Amino acid sequence: MTPLYGYLLVSALLFAIGLAGAMARRNAIIVLIGIELMLNAANLNFIAFWRFGANPDAFAGIIFVLFSIAVAAAEAAVGLALIIAIYRHRKTANVDSIDTMKG
Amino acid sequence: MSIALIILCILTIGSAVIAMTLRNLVHCALAVSVTFAGLAGLFLLLDAQFIGFAQILVYVGAVAILIVFAVLLTRATQAPGESSFSTNWFRGLVVAGAVFVVVAGALYSSKLLNGHGSTATVSVRQIGDRLMSTYILPLEVLGLLLTAALIGAVIIALQDAEPKGRGQK
C-alpha cells in the first residue's frame, strides 16, 4: 500500500461521493456541490501523481490544478447565477420539476 | 501513513458524506467547506503548498460563500412531506458505487503504482516563471474566461427591470 495508492483511493472515494450526491439529490445547488466535489477529487488525483509520479520536476501537475481550480470557480459562479435566475421564474430549485424548456 | 494523513482523510471523506446527505442546505454548504479545507490539508501534505493555499482562498473563501449566498437567495418553500432525495436515488447510489468499485479495482491491479516519493520542492517563483513563459497563453485565456464568467453571472442573476405600464401615464 504505497502512499500514492492511498491518495488515489481517497480521490476515487471522493469522486464517487460527489457523483452519488449529484445524482440522488433534488436540489440544484446540492447537485452543483457534488460537481465541485468531483472536480476537487480530480485535482487531488493530479497532485498525487505530480508528487509520486515518474517525473516530479515537471510543473504540469501544479499548473493544471491551478487552472482547474480557476475554471471550476468560474463555472460555479455561472451555475449558481443560473440557479438563482431559474428560481426567480419557476419559484423552485428542484431539478425534477425543471424539466421543460417552455418559458 | 502518518496520523495527520489519516485524520485528514477521515475528515475529508466524512464531511463529504455529510454534505451530500443533510437536509438543511446551509449545513450542506458548511460541511462542504470542511471538505475543501481537508483537501487543502491533503495538498499541503503532498508538498503542493501553493495549490493548498489557492484551494483555501478560492474554494473555502469564495465558492463556499457563493454557495451559501445562492442557498439564501433561493429559499424554496419546500412542502413538509417532500423528500430531499430524488425518487430514483438508489440508482444514483448504485451507479456511484459501481464507479468506485471499477476505479478501485483498476488501482488494485495496476502495476504503475510503485510510487517513489521525491523531494523536489516547487517554489512560487518557479510557478510564476512558468506561468509567464511556457503557459502564458492559457493564463491570458483564463483571464478572459474569468472576466466573461464574472460579467455573465452578474447579468444572469440580475433582477429584471420593472415592466412599464401598458401605455397609461
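By convention in this document, chain letters (A, B, ...) are assigned in the order of the sequence lines, proteins followed by strands, and residues within each chain are numbered from 1. Keep in mind the model is a prediction, meaning the values are calculated, not measured.
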Query - Shared hydrophobic cluster for B:I7 and B:L45 (ILVMFWY, side-chain gaps under 4.5 Å) - result: no
Report task. Examine whether an atom of B:L5 lies under 4.5 Å from a heavy atom of chain A, and if so say whether it belongs to the side chain, the backbone or both; otherwise answer neither. Result -> side chain
Report summary line: Assert top hit (heavy-atom pairs under 4.5 Å, partner chain A, pool B:L150, B:T12, B:I13, B:V95) equals B:I13
Query raised in the report: Rounded to the nearest 0.5 Å, what separation is found between the OH atom of A:Y87 and the CG atom of B:L73?
Result: 9.5 Å
Requested in this report: Kindly give the heavy-atom pair with the smallest separation between A:E36 and B:Y59, and that separation in Å.
Outcome: OE1-CE2, 3.1 Å
Report task. Please check if atom CZ in B:F85 has more than 12 non-hydrogen atoms from other residues, nucleotides or ligands closer than 6.0 Å. Result -> yes
Report task. Kindly work out whether a path of hydrophobic side-chain contacts (I/L/V/M/F/W/Y, heavy atoms less than 4.5 Å apart) joins B:I18 to B:L42. Result -> no
Query raised in the report: Is B:I51 close to A:I47 at the side-chain level, that is, under 4.5 Å between some pair of heavy atoms?
Result: yes
Requested in this report: Using non-hydrogen atoms and a 4.5 Å limit, figure out which bit of A:R25 sits close to chain B: side chain, backbone, both or neither.
Outcome: both
Report summary line: Ranking A:L82, A:V95, A:L44 by heavy-atom pairs under 4.5 Å to chain B gives rank one to A:L44
Requested in this report: Over all heavy atoms of both residues, which pair between B:P138 and A:F67 is shortest? Give the atoms and the distance, please.
Outcome: O-CE2, 3.4 Å
Query raised in the report: Is B:R91 atom CZ crowded by more than 12 heavy atoms from other residues, nucleotides or ligands, each under 6.0 Å away?
Result: no
**Report entry** Joint hydrophobic cluster, B:V94 plus A:F15, side-chain heavy atoms closer than 4.5 Å
**Finding:** no
Report task. Check B:I156 against A:A81 and note the closest heavy-atom contact, atom names and distance. Result -> CG2-O, 3.6 Å
Report summary line: On a heavy-atom basis, the closest approach of A:I17 and B:M20 is O-CG, 3.8 Å
Report summary line: When the 4.5 angstrom heavy-atom criterion is applied to B:V103 and chain A, the contacting part is side chain
Query raised in the report: What do the steps show when you test B:V122 against A:W50 for side chain to side chain contact (heavy atoms under 4.5 Å, CB included), and what is the final call?
Result: CA-CA 11 Å; B:V122 166; A:W50 169 79; 3.4 Å; yes
Query raised in the report: Between B:A104 and A:Y5, what is the shortest heavy-atom contact and its length?
Result: O-OH, 4.4 Å
Requested in this report: Under 4.5 Å heavy-atom distance to chain A, tell me which part of B:A16 shows up: side chain, backbone, both or neither.
Outcome: both
Requested in this report: Please report the closest heavy-atom contact between A:A20 and B:L93, naming both atoms and the distance.
Outcome: CB-CD1, 4.0 Å
Report task. Verify the cluster assignment for B:V124 and B:L44: are they in a single hydrophobic cluster under the rule of side-chain heavy atoms below 4.5 Å apart? Result -> no
Requested in this report: Report yes or no: do B:F100 and B:L107 belong to one cluster of Ile/Leu/Val/Met/Phe/Trp/Tyr joined by side chain heavy-atom distances under 4.5 Å?
Outcome: yes
**Report entry** Largest heavy-atom contact set with chain B, pairs under 4.5 Å, which of A:L19, A:I84, A:V71, A:I69
**Finding:** A:I69
Query raised in the report: Is it the side chain or the backbone of B:I6 that comes within 4.5 Å of chain A heavy atoms, both, or neither?
Result: neither
Report summary line: Most heavy-atom pairs under 4.5 Å with chain B, out of A:I63, A:I62, A:I30, belong to A:I63
**Report entry** Backbone of A:A60 reached by a side-chain donor or acceptor of B:R130 within 3.5 Å
**Finding:** no
Requested in this report: Using non-hydrogen atoms and a 4.5 Å limit, figure out which bit of B:T21 sits close to chain A: side chain, backbone, both or neither.
Outcome: backbone
Report task. Heavy atoms only, distances under 4.5 angstrom: which of A:D96, A:L66, A:L9, A:L32 has the most pairs with chain B? Name it, please. Result -> A:L66
**Report entry** Stepwise side chain to side chain contact (heavy atoms under 4.5 Å, CB included) check, A:N40 with B:T35
**Finding:** CA-CA 10 Å; A:N40 270 297; B:T35 309; over 6 Å; no
Query raised in the report: B:F36 versus chain A, heavy atoms under 4.5 Å apart: side chain, backbone, both or neither?
Result: side chain
Query - chain A contact via B:L66 - side chain, backbone, both or neither, heavy atoms under 4.5 Å - result: both
**Report entry** Most contacts with chain A, counted as non-hydrogen pairs under 4.5 angstrom, among B:L145, B:L142, B:L131, B:V32
**Finding:** B:L142
Query raised in the report: Does any heavy atom of chain B fall under 4.5 Å from the side chain of A:I29, the backbone, both, or neither of them?
Result: side chain
**Report entry** When A:I33, A:V65, A:V10 are compared by non-hydrogen pairs under 4.5 Å with chain B, the top option
**Finding:** A:I33
Query raised in the report: Side chain, backbone, both or neither: which part of B:F90 has a non-hydrogen atom closer than 4.5 Å to chain A?
Result: neither
Query raised in the report: Checking side chain to side chain contact (heavy atoms under 4.5 Å, CB included) for the pair B:F43/A:N43: CA distance, chi angles, key distance, verdict?
Result: CA-CA 9 Å; B:F43 288 152; A:N43 288 346; 4.0 Å; yes
Report task. Measure B:I127 against the heavy atoms of chain A and call it side chain, backbone, both or neither at under 4.5 Å. Result -> both
